[in-house]
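What follows is a short report on a single structure.
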Amino acid sequence: MTPKEKPLWRGPAFRLCGLSAALFLCLQLGLRRSWAPEEKAGAAAAVGALPARGSRLGGAEAHLGPEAAIAGRRRVTYLRSSRRRSSEPPPGSSRRKIIRWHVDLQPWASPTPSLNYEALRFLKYITTPQISCEYMNMNSLTDKSESIKKPWSICLDDRFSLVHRIKSRQCRLYSLGLGSDDNQFERSMANGGCEVHRFDPSIKSAHVQEGQHIWYHRLSIDWRDPNPAIAAHKLRSHTKKLGTILNEFGHQKIDVLKADMESAEWKILENLILEDIVEQIGQLVFEVHIHWPGFEVSGNDSTVVRYWYSLLKELELKEFRLFHTYKDLSKPQMFLKKEAFNASSCYTLSWVNTRWN
Ligand SMILES: *[C@@H]1O[C@H](CO)[C@@H](O)[C@H](O)[C@H]1NC(C)=O
Ligand SMILES: *[C@@H]1O[C@H](CO)[C@@H](O)[C@H](O)[C@H]1NC(C)=O
């Protein structure tokens with residue numbers, strides 16, 4: 001029996017080996033072919049040619065098409081050139097797309113790190129609009145006299161899609177806040193016909209609908225799990241990442257993301273950038289706080305300011321443009337715990353995603 005058994009056992013094993021080799025070759029060829037266009041057209045064109053990020057929602061991300069291969073490669077390249085080589089994504093994440101773990105830090109503002117130069121560069125950046133926008137609030141559509149400077153500004157100029165999506169009743173606003181009671185902006189968007197989702201961990205029930213267009217959700221947006229700031233209020237189970245909420249709600253796009261997160265905005269913004277959620281967002285209106293580094297932002301003062309600046313540069317890299325900046329003179333005029341640089345502790349910044357439609 002033994003002489004016969006050997007060939008029988010070997011046959012399928014060899015065939016399996018051959019099959020694996022062939023499969024491997026095919027994969028190699030397939031991948032190389034799908035990478036080729038990017039190499040010719042350049043990274044920028046390939047980025048532009050990617051389909052709407054929304055397509056990864058649901059189960060779509062599970063199968064790897066050529067787009068996924070390109071996207072994956074883009075990120076791999078990014079990881080390779082990243083300063084911190086030691087950080088590798090955990091094994092579980094391979095099912096999802098490869099995500100980055102750190103933003104790339106911009107060079108220091110001066111040859112030797114100095115708070116003075118970092119602060120001047122950063123403050124100049126957040127007070128200098130990069131593009132102009134003529135119509136910046138809902139009233140300005142009907143009443144041109146309504147042009148008082150308001151903190152929460154959106155761009156309703158014709159060349160950006162928001163105004164068209166409002167007119168066709170497709171607009172969606174996500175508003176992130178921590179128990180703030182000023183809902184004027186949300187109401188004006190709802191009155192304009194937008195679907196408004198307000199995320200506020202302090203409300204009583206899980207989901208409440210108000211009128212036709214406003215929903216309140218007892219959820220707090222987090223950059224990871226768990227958030228110590230929220231855990232202190234024993235609301236741990238109600239914190240989620242924005243990407244998770246988008247998936248759960250089945251939403252692929254947010255026309256406007258408003259965030260007033262009392263210093264959690266820096267880590268939230270970082271998370272949205274690292275997970276590419278910003279690509280699903282048309283306009284960002286963020287209140288930023290600079291009287292202290294913010295939740296889980298560490299390092300000396302110049303390192304902190306350089307990190308803030310680097311985050312905003314990442315937005316610029318993703319074709320977001322700052323069109324409105326509002327310095328809040330009613331808040332303490334503080335910059336990293338000091339009265340310095342004539343800065344306010346609080347600015348409201350509005351960006352439009354010029355790649356979005
Ligand atoms: C702050 O920390 C960075 C990185 O650790 C260091 O290079 C820099 O010299 C420090 N800056 C100041 C002003 O101490
Ligand atoms: C300080 O800021 C205020 C308000 O933005 C501005 O009006 C003023 O000109 C600034 N002062 C200096 C010295 O830059």
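Indexing begins at 1, ligand by ligand and atom by atom, following the structure's order. If you read the sequence from its start, that first residue is 1, and numbering goes on from there. Small disclaimer: the values here were computed from a predicted structure and weren't measured.
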>> I'd like to check which ligand 2 atoms, numbered from 1 as shown, lie under 4.0 Å from a non-hydrogen atom of K327.
In response: 1 (C), 2 (O), 3 (C), 4 (C), 5 (O)
> Do the ring planes of W308 and F122 sit parallel (below 30°), tilted (30 to 60°) or perpendicular (above 60°)?
Replying inline: tilted
> Any protein heavy atom under 4.0 Å from atom 5 (O) of ligand 1?
Replying inline: no
>> With a 4.5 Å cut-off on side-chain heavy atoms, are I273 and L311 touching?
In response: yes
>> Against ligand 1, does S114 come closer than 4.0 Å with any heavy atom?
In response: no
> Could you state the interatomic distance from CG (D276) to NZ (K318), rounded to the nearest 0.5 Å?
Replying inline: 4.0 Å
> Does the gap between the ring centers of H238 and H217 come in under 6.0 Å?
Replying inline: no
> Parallel, tilted or perpendicular for F199 and Y174, by the 30°/60° rule?
Replying inline: tilted
>> Within the protein, is there a heavy atom lying under 4.0 Å from atom 9 (O) of ligand 2?
In response: no
> Looking at S302, which atoms of ligand 1 are within less than 4.0 Å of one of its heavy atoms?
Replying inline: 11 (N), 12 (C), 13 (C)
> So which of T303, N300, L115 gets nearest to atom 11 (N) of ligand 1, if we judge by its closest heavy atom?
Replying inline: N300
> Please state which protein non-hydrogen atom is closest to atom 12 (C) of ligand 2 and give its distance, to 0.1 Å?
Replying inline: N342 ND2, 3.1 Å
> Quick one: OH on Y307 to CG on L312, what's the gap to the nearest 0.5 Å?
Replying inline: 10.0 Å
